[in-house]
Each structure stands twice: as structure tokens, then as C-alpha cells.
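Each remark here refers to the structure printed beneath this line.
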Number of protein chains: 2
Amino acid sequence: MNYELQQIQAFLKVAELESFQAAAQSLNLSQPALSRRIKKLESILGTPLLARTTRSVSLTTVGRDFFPQAKRLVDEFDHALFNIRALAENRIGQITLACIPTAAFYFLPAVIREYNARYPNIRIRLLDLSANDGLGAVLSGEAEFGINMLSGHHPDIVFTPLVVEPFVLVCRHDHPLATHGSVTWSELSEHKLIGVGKMSGNRMLLDHELSSLTQRPSWFYEVQHLSTSLGMVEAGLGVAAVPRLSMPDQEHPLLVQCPLIEPLVKRTLGMVRRRDSALSPAAERFVETLLKHWDKGGIEGGIGPINL
Amino acid sequence: MNYELQQIQAFLKVAELESFQAAAQSLNLSQPALSRRIKKLESILGTPLLARTTRSVSLTTVGRDFFPQAKRLVDEFDHALFNIRALAENRIGQITLACIPTAAFYFLPAVIREYNARYPNIRIRLLDLSANDGLGAVLSGEAEFGINMLSGHHPDIVFTPLVVEPFVLVCRHDHPLATHGSVTWSELSEHKLIGVGKMSGNRMLLDHELSSLTQRPSWFYEVQHLSTSLGMVEAGLGVAAVPRLSMPDQEHPLLVQCPLIEPLVKRTLGMVRRRDSALSPAAERFVETLLKHWDKGGIEGGIGPINL
DNA sequence: ACCATTAATGCACCAAAGACATCAATAGAC
DNA sequence: GTCTATTGATGTCTTTGGTGCATTAATGGT
């Protein structure tokens with residue numbers, strides 16, 4: 001025989017109003033039903049809580065002791081209910097996402113700005129990690145989801161493509177290649193190429209895509225981050241092949257980009273999340289915001305939305 | 001739509017065991033019933049709490065946040081339940097009673113001793129007040145009940161007679177009246193009588209009972225407490241008319257008592273309590289103990305139990 | 001003494017929750 | 001790759017418990 005919240009609430013109401021009839025009315029209940037509810041509670045507790053006359057109701061000694069406890073219980077229930085609803089409705093909470101630097105710089109600021117305006121009480125923990133580390137963060141559960149590039153499919157990871165972007169050549173405006181309409185990968189072998197480290201996701205992608213070429217480009221400089229390589233291009237040390245989105249802006253004072261073809265190498269950016277692990281409502285909202293932004297072409301430089 | 005304790009408990013069990021089947025078994029419930037219970041809770045809260053696969057169960061982000069709150073809620077319910085049961089079963093608690101000094105000295109010690117042996121955790125607050133003040137304490141609710149003398153019936157007071165005792169004459173063994181078999185009230189006018197103050201219940205009772213006498217005794221000394229008057233008798237200052245129970249003991253080294261007749265004035269001692277106010281279980285037990293003691297003739301000096 | 005009001009009770013009814021049987025999905029064994 | 005066993009969800013019927021209506025008993029006020 002279990003005692004329940006409704007019984008406690010009934011007791012409180014009767015105790016406050018000192019009347020079964022009034023309390024029943026207040027609880028949208030018939031008076032007999034309320035009588036029985038109280039009766040049941042008393043039988044569960046093993047002691048009367050209310051001293052009833054046919055004319056009036058008052059608390060018994062035990063009832064008087066129980067009253068404050070009961071009130072606190074109901075209050076805590078209400079509080080917990082409110083709390084969880086707020087959590088569910090994104091009025092409070094926190095999301096953690098892991099994304100690659102490109103996304104952190106070019107995708108997310110606008111999305112975060114809008115999301116934060118709409119859900120001002122959701123804190124955002126943004127882990128800007130390399131493609132590998134970001135995937136690890138999602139896998140370990142440290143991040144609820146991530147923005148990453150499509151790579152070898154891990155069995156526990158679901159990838160939702162968002163945008164496909166080509167690799168482009170970046171060079172200084174005064175570089176010989178700057179005036180070419182487009183450049184083939186083979187042509188690059190004649191120039192000093194700035195590449196990223198062997199463990200980079202981009203590097204592995206390129207190595208894989210270009211493996212069939214006879215004239216494979218060889219990297220003259222090797223750095224760890226794309227932003228560094230851009231800096232070196234800026235300094236006139238060479239040229240670089242980078243995803244178009246990692247370019248700071250269309251109108252850069254020194255840098256120009258041109259398509260890299262034969263082959264056209266693209267990378268797919270998208271959302272990664274663990275299979276079988278529901279997102280928090282807050283994260284769900286974030287993804288919604290993200291998709292909305294992307295739908296209205298907020299991401300310049302990509303080759304547009306893809307369908308899948 | 002109300003959410004209830006059972007649902008919270010169900011959620012906790014599933015979260016702990018990470019299995020609907022195991023939790024259902026533990027709750028003595030069928031697995032489908034448990035599924036529905038959780039489902040309902042989730043629909044009330046408006047958010048999923050558990051991420052179910054056909055093979056495993058885990059907490060959602062919201063569920064993880066809710067879990068500790070839920071646990072605390074259930075714990076507090078359990079605690080409150082335990083508490084109130086303990087109160088009802090007299091394992092803890094306190095009773096307050098107001099009694100006249102006679103009762104405090106001669107009725108209660110034995111009763112309290114037995115009661116305390118049986119219910120060692122009930123604290124007893126004993127207000128030893130005058131008849132008037134004691135009645136006031138009961139009326140105000142400060143005392144749950146009292147032991148008092150029968151007086152003008154207050155409408156809110158119920159009086160349960162316990163014992164009737166006569167007034168007796170107390171004198172020193174060397175006093176002229178000491179050898180009389182009995183003494184009439186009229187005879188007292190020739191002796192120095194020690195009485196109590198005008199507001200004493202005993203005094204009012206006597207004044208009332210003796211109002212028809214032509215030879216009314218007049219008090220030579222007036223004190224406030226019967227015990228004081230006994231002391232004065234002991235000192236040889238006079239004699240006193242006191243209720244028999246207020247006599248310290250049958251075999252007092254100095255004092256002797258003898259019946260006071262014409263008329264035989266009796267006072268009725270009994271329990272007083274407020275009408276329409278239930279006693280706490282602890283107090284109920286106390287009254288039981290009290291009645292048991294009195295039934296087996298534990299009160300010497302009275303003229304025995306009376307029936308009403 | 002009567003009336004009005006209050007809580008309790010008898011009874012018929014209905015809704016919510018439960019059990020049973022079954023289905024769909026999936027991890028693990030081979 | 002296929003099959004099996006196990007897990008949670010769902011459909012359906014049953015049952016229990018709670019509810020409302022009508023009525024009763026008790027009591028304070030007139």
C-alpha cells in the first residue's frame with residue numbers, strides 16, 4: 001500500500017481550509033472522494049491526522065507534527081517538477097560540442113549568437129579540437145555532439161552531412177599562380193607547398209584522394225594548423241591547399257584563392273554524434289538553429305547544401 | 001495530470017538497474033506495466049528521461065539531471081513516513097499535561113515511572129499548576145490534558161472522574177482533636193484553622209459546600225498551598241482541613257488525620273481535556289496507564305473508584 | 001424543537017493501471 | 001552471414017481502485 005502525493009496534497013488543503021467541503025472544491029473533487037483520500041492516507045500512516053466533528057475539522061497532535069513535513073514534501077515536488085520542465089524546455093542547462101577549428105571560426109559564431117539570444121540560459125561549452133580529438137570527445141561522451149569532417153566511419157558514430165566544400169589553392173596576389181583561373185594538383189609539384197602534419201584529418205583526406213595521381217605534390221613546409229599555413233602563404237613562403245571555408249574571407253588584402261582541379265577534392269563537414277545516445281533538448285535546439293542557418297545559405301564558400 | 005511517487009520510484013529503479021525487466025521484477029510489477037509507468041512520467045515531465053534501445057537502457061541528459069533530485073524526493077518521503085509512523089507508535093514524541101499538586105505528588109510518580117519504562121522516548125512535560133491555572137493550560141492547548149478537580153463545568157472541557165476523596169482534618173498527634181474518632185465542621189470553629197487563599201479551588205469548593213452551615217469555620221491562618229498548611233500543622237500552629245490525598249502518607253510521625261463530617265465534603269479528581277480535540281497517541285497511552293494504575297487501587301486514601 | 005450544515009457511508013460506475021501474449025529490434029554465437 | 005535469445009514496446013482484456021450521487025448521522029445555531 002503506497003502513499004502518494006495527491007493524498008498529501010489533500011491533507012494539506014483540508015488542514016489549511018479546515019473544511020472537507022472547501023478543500024474538495026479547491027481540489028476539484030467531490031467531498032466524499034476527499035474524505036476517502038484522507039482516510040486512506042491515515043490508514044497508511046497508521047494514525048489519524050485530522051480530528052473531524054460533523055461541524056469542524058482540526059489537526060490532531062500527530063497531524064500538527066506532520067503538517068510542516070508534508071508541506072515541505074509537496075514544495076520539493078513542485079520545485080523538482082519546475083526544474084525538470086525548465087531543463088526540458090531549455091530554460092536552463094548546458095551543452096558541450098566539439099568542433100574543428102574551421103567550424104569554430106566560420107560556422108558557429110553566428111549560430112551561437114542566435115541560439116544564445118533565444119535560449120539565454122544555456123551555457124555553451126565549445127571544444128575546438130582537431131578532427132581526431134573532436135571525434136574522441138564525442139565518443140567518450142564529453143561532448144554531446146560535434147562538427148567534424150567525414151572520415152572513416154566509426155561504428156558508434158552517426159554522421160549527418162551539412163556542407164561539402166572543395167579544397168582550393170591559396171597564394172599571394174603576386175604569386176605566379178594567382179592569375180590562373182584554376183590550377184591542377186599536378187602543377188603544384190613545381191611550387192613550394194605548405195602542408196599540415198601527417199596526423200591531420202585534412203592531410204589524411206588529401207593523401208587518400210590524391211593517391212592515384214602520378215604527379216603527387218610534395219609538401220615543402222609542414223605545419224600543424226591551417227591558420228599557420230595561411231600565415232606562411234601571406235609571408236610569401238609558398239602556396240597552400242586548404243578547404244575553402246578555412247579561408248578567412250573573400251576579400252583578403254594579400255591572399256587569393258583559385259580552384260584546385262584534377263581531381264576536384266572535396267571534404268564533407270557535418271554533425272557527428274554517438275549512436276544510441278539522445279541529445280539533450282538544449283542540444284536538439286542547437287542543432288535546429290545550426291540547420292536553419294545553414295539552410296538559408298549562411299555559410300559562404302561552400303558549394304552549398306547537400307541532400308542526403 | 002498529476003505525477004506521483006510510484007513513477008519516480010520506477011524511474012529510479014530502472015536508472016539504477018539499467019534494465020526494465022530487472023526493475024519490474026524488483027518492483028513486483030510486469031515489464032509492460034513498468035514501461036507504461038515510465039512513459040507516463042515522461043509525458044508528464046514533457047521530456048524523455050531514459051534512452052532505450054532494445055538491448056540496453058541509459059539515462060538521457062535530462063534524466064541524469066533529474067536522477068539526484070528524484071532520489072532525494074523519494075528519500076524524504078521515506079523519511080517523513082518513518083517519522084510519522086514513529087510518532088504514531090509512540091516511539092518518539094512528547095506529551096504535556098497540567099495537574100494539580102496533589103496529583104503531581106501522589107498520583108503521577110508511579111504512573112510516570114511505568115509509562116516511561118514502556119515508552120522510553122516520550123518526553124513528559126508536567127505542568128504542576130493550581131486547579132485554575134491547570135484548567136487554563138488545558139483550555140489554551142498548552143497542555144493536552146490535565147488532572148484536576150471537578151469544578152464549574154466549562155463548556156469546552158470534558159471531565160472524566162477518576163477518584164472521589166473526602167476532606168479530612170489534620171492535626172498534630174498531641175492536639176486535643178487528635179483522639180476524636182471524627183470531627184464535625186462545626187467543632188472546628190473553636191480551633192485555630194489553617195486555610196488556603198480565596199482563589200484556591202479547594203477553598204471555593206469548601207466555601208460552597210459549607211455555605212449552609214450556621215457554624216461556619218473561620219480560617220485563622222491563610223496560606224497559598226496545602227503543603228504549607230501541613231507544615232504549619234506540623235509546627236503546632238493549628239489544624240487544617242485538607243483533601244485526604246494531599247496527606248503525605250498514612251504513617252506520619254507527627255500528623256494524624258480524622259474524618260470530617262457534617263457534612264462529609266468530598267472533592268472529585270479526574271481528567272480534564274478539551275472537547276473536540278483528540279489526544280496524541282502518546283497521551284492516549286498515558287491515560288491508559290493512568291487508568292490501569294487507578295483501577296488496581298494504586299491510589300490509597302481515596303474512597304475508591306467511582307462509576308460514571 | 002427545528003433547521004441547516006458538515007463529514008461519513010452505501011452503491012453503481014468508470015477510468016486507469018495491470019497482466020498476458022505478442023511484436024520488433026538487436027547483440028552475440030556459430 | 002544467419003540464427004537465436006533477449007530486451008523493450010504494443011495490443012487487448014481484466015481488474016482494481018477511485019469517483020460521483022444519493023443518503024445518513026451528528027451537531028451548532030436559531
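Note that this is a predicted model, so its numbers are computed, not measured. Chain naming here is simple, since letters A, B, ... match the order of the sequence lines and numbering starts at 1 in each.
Between the OG atom of B/Ser30 and the CG atom of B/Leu27 there is a distance of 11.0 Å, given to the nearest 0.5 Å.
Aromatic ring pairs are classed by plane angle as parallel below 30°, tilted from 30° to 60° and perpendicular above 60°; the pair A/Phe67 and A/Phe11 is perpendicular. Classified by interplanar angle (parallel below 30°, tilted 30° to 60°, perpendicular above 60°), the ring pair B/Tyr115/B/Phe286 is perpendicular.
Put simply, A/Lys39 has no side-chain N or O that comes within less than 4.0 Å of OP1 or OP2 on C/dA7. In this model, the phosphate group of D/dG8 is approached by a side-chain N or O of B/Ser19 to a distance below 4.0 Å at OP1 or OP2. In this structure, B/Ser35 does not reach the D/dG8 phosphate: none of its side-chain N or O atoms is under 4.0 Å from OP1 or OP2. Phosphate proximity of C/dA17 to B/Lys40: present, with a side-chain N or O under 4.0 Å from OP1 or OP2.
Between the P atom of C/dA8 and the CD atom of A/Glu42 lies a distance of 8 Å, rounded to the nearest Å. Spacing between atom CD of B/Glu18 and atom P of D/dG8 amounts to 11 Å, rounded to whole angstrom units. Between B/Ile44 atom CD1 and C/dA16 atom P there is a gap of 12 Å when expressed in whole angstrom units. Remark: P of D/dG18 and CD of A/Gln7 are 7 Å apart, rounded to the nearest angstrom. The distance between atom CG of B/Leu29 and atom P of C/dA16, rounded to the nearest whole Å, is 18 Å. Computed from coordinates, the A/Ile38 CD1 to C/dA8 P distance equals 9 Å when rounded to whole Å. In this structure, the CG atom of A/Leu34 is 20 Å from the P atom of D/dG17, given to the nearest Å. Counting to the nearest Å, the C1' atom of D/dG18 and the CG atom of A/Asn28 are 16 Å from each other.
Nucleotides of DNA chain C nearest to A/Gln21 and B/Ala33 differ in position, and the one nearer the 5' end is that of A/Gln21. If you find the closest nucleotide of DNA chain D to A/Gln6 and to A/Thr54, the one lying nearer the 5' end belongs to A/Gln6.
Residues forming a salt bridge (charged side-chain N to carboxylate O under 4.0 Å, His left out) with B/Arg285 (at least two apart in sequence, or on another chain): B/Glu288.
In this structure, the helix from C/dA1-D/dT30 to C/dC30-D/dG1 shows an angle of 30° between the axis at its start and the axis at its end, each fitted on 5 base pairs and rounded to 10°.
Nucleic acid contact class of B/Arg52 (heavy atoms, under 4.0 Å, all strands): sugar-phosphate only. Across all strands shown, B/Ser56 has no heavy atoms under 4.0 Å from either base or sugar-phosphate atoms.
At least one donor-acceptor pair under 3.5 Å links the side chain of B/Asn148 to the backbone N or O of B/Ala131. Under the 3.5 Å distance criterion, the side-chain polar atoms of A/Thr268 are left unmatched by any main-chain donor or acceptor of A/Leu150.
Judged by distance alone, with hydrogens and angles left aside, B/Arg55 brings a side-chain donor or acceptor within reach of the base of D/dT6, the pair sitting under 3.5 Å. You'll find a donor-acceptor pair under 3.5 Å spanning the side chain of B/Gln31 and the base of D/dA9, going by distance alone. Between the base of C/dG10 and the side chain of A/Arg36 there is a donor-acceptor pair shorter than 3.5 Å.
Closest contact between the side chain of B/Thr53 and the listed nucleotides D/dA9, C/dT26, C/dA19 involves C/dT26. Here C/dT9 is the nucleotide among D/dA9, C/dT9, C/dG18 with the atom lying nearest to any side-chain atom of A/Pro32.
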Please walk me through it: do B/Glu284 and B/Ser280 pass side-chain hydrogen bond (donor to acceptor under 3.5 Å, both in side chains)? CA-CA 6 Å; B/Glu284 208 79 73; B/Ser280 70; over 6 Å; no
Run the side-chain donor-acceptor check on residues 68-82 of chain B: report pairs under 3.5 Å with partners two or more places apart or on a different chain.
from: B/Gln69; atom 1: OE1; to: A/Asn83; atom 2: ND2; distance (Å): 3.4
from: B/Lys71; atom 1: NZ; to: B/Glu16; atom 2: OE2; distance (Å): 3.1
from: B/Arg72; atom 1: NH1; to: A/Glu76; atom 2: OE1; distance (Å): 3.3
from: B/Arg72; atom 1: NH1; to: B/Glu76; atom 2: OE2; distance (Å): 3.3
from: B/Arg72; atom 1: NH2; to: A/Glu76; atom 2: OE1; distance (Å): 3.2
from: B/Glu76; atom 1: OE1; to: A/Arg72; atom 2: NH1; distance (Å): 3.3
from: B/Glu76; atom 1: OE1; to: A/Arg72; atom 2: NH2; distance (Å): 3.2

